[in-house]
Amino acid sequence: IRIGYAVMLKSTAGGGGIGIQLCWSEEGLSDAFHSVERLARSNFSQGGIFLEKYVEKARHIEVQIFGDGKGSVVALGERDCSSQRRNQKVIEETPAPHIPSEVRSQLQETAKRLCAAVDYRNAGTVEYIYNPDNEEFYFLEVNTRLQVEHGVTEQVFGVDLVKMMIELGAGELTPLADIEKTLQPKGHSIQFRLYAEDPNKDFQPCAGLLSQVDFPEADGQRLRIDHWIEAGLEVSPNYDPMLAKIIVHGDSRDEAMLALAHTIEHTAIYGIETNLEFVRHILASEIFKQGRIYTRYLNEFNYTPA
């Protein structure tokens, strides 16, 4: 195979970054192919592989959609999920910063056409890789489920996606054409995922007894905290390390960033290590403040805890 650019090898059944390898040369591609195939079979019981062009400073942009199963689909804006560590999302926000209005419209219309073509029925997410250098986007995948970061969309659009899913299942959903007329995005929302992991030990999972859990008082509007933890609970090593989703909403992106920094400042989790301070440093970085972070940036992000 002769290629003039770097490529990504990816498992067709992959998820969470498992089964992804970057290849810079023909030799690297040949060497990686069988290892990716073995990893895919081991984790997903099938060895199918995608070959994709690699965009070096790619941004991960996704469109929230909802379909009624009869060809009617609405798009509820887009989210920027480029703040990732090893392909695991850390911070998500909507609307995505620095996307030209024409491209923003194309992202949403493409997602709607795709899902309408298959009579999609459910909440879902159409995901893209966006190249800010040439303002082009490339289809990545469709997640046929509710995403962890659906809360930022709810905060900006004033909808309840879980309620809509239940109403759809019960045959009581308001026609999507009527819902679409009422969609008026307001402000900016940012979420970060609070993980039970130790940034000082290569982000290894951290289990143990929670001795203190203090969050600022949430009002559901400006501050929303979805969590399951309290002092005295044991964090098990057997499950996903996410402890909470902290979601803020502001009239602007700057206001939302200040609100998130304030929330982190007044959050205390003791007993185990978490990524709270790591996220604080990301928020303080110039590249995040400018809204220009890309998917591989955090892999080299210089963070040294006290």
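On a predicted model such as this, the values are computed, not experimentally measured, just so you know.
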Under 6.0 Å from the CD atom of Glu102, do we count more than 12 heavy atoms belonging to anything else shown?
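Atom CD in Glu102 is not packed in, count stays at 12 or less.
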Are Tyr303 and Tyr294 connected, step by step, through hydrophobic side chains (Ile, Leu, Val, Met, Phe, Trp, Tyr) whose heavy atoms are closer than 4.5 Å?
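Yes, same cluster.
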Grouping I, L, V, M, F, W and Y whenever their side-chain heavy atoms are under 4.5 Å apart, do Met242 and Ile190 come out in a common cluster?
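No, Met242 and Ile190 fall in different hydrophobic clusters.
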How about [X] and [Y]: does a side-chain donor come under 3.5 Å of a side-chain acceptor?
X      : Y      : result
Glu300 : Asn302 : no
His188 : Glu93  : yes
Arg145 : Gln147 : yes
Gln204 : Glu197 : no

Find out whether Leu140 and His60 are in side-chain contact, i.e. whether some heavy atom of one side chain is under 4.5 Å from a heavy atom of the other.
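Leu140 reaches His60 side chain to side chain.
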Any side-chain heavy-atom pair from Thr125 and Val142 closer than 4.5 angstrom?
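In short, these two side chains do not touch, never coming nearer than 4.5 Å.
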Any side-chain to backbone donor/acceptor pair from Thr110 onto Gln106? Under 3.5 Å, distance only.
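Pair found, side chain donor or acceptor close to backbone of Gln106.
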Please list all pairs meeting salt bridge (Lys or Arg N to Asp or Glu O under 4.0 Å) that have one or both residues in residues 122-139, counting only residues at least two apart or in different chains.
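The answer is Lys89-Glu127.
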State plainly whether the residues [X] and [Y] are in salt-bridge range, i.e. N to O under 4.0 Å.
X      : Y      : answer
Glu265 : Arg280 : yes
Lys245 : Glu149 : no
Arg224 : Glu154 : yes
Arg253 : Asp80  : no
Glu255 : Arg222 : yes
Arg79  : Glu62  : yes

How close do Pro97 and Gly291 get, heavy atom to heavy atom, and via which atoms?
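Closest heavy-atom pair between Pro97 and Gly291: CG-O, 3.7 Å.
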Residues which pass ring pair (Phe, Tyr, Trp, His ring centres under 6.0 Å) with Phe301, listed by chain and number, not counting sequence neighbours
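Residues passing ring pair (Phe, Tyr, Trp, His ring centres under 6.0 Å) with Phe301: Phe278, Tyr297.
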Qualifying side-chain hydrogen bond (donor to acceptor under 3.5 Å, both in side chains) pairs with a residue from residues 173-185, counting only residues at least two apart or across chains:
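Pairs touching residues 173-185 that pass the test: Lys112-Glu180.
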Do the rings of Tyr128 and Phe139 sit parallel, tilted or perpendicular, given the 30° and 60° boundaries?
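Aromatic pair Tyr128/Phe139 classed perpendicular.
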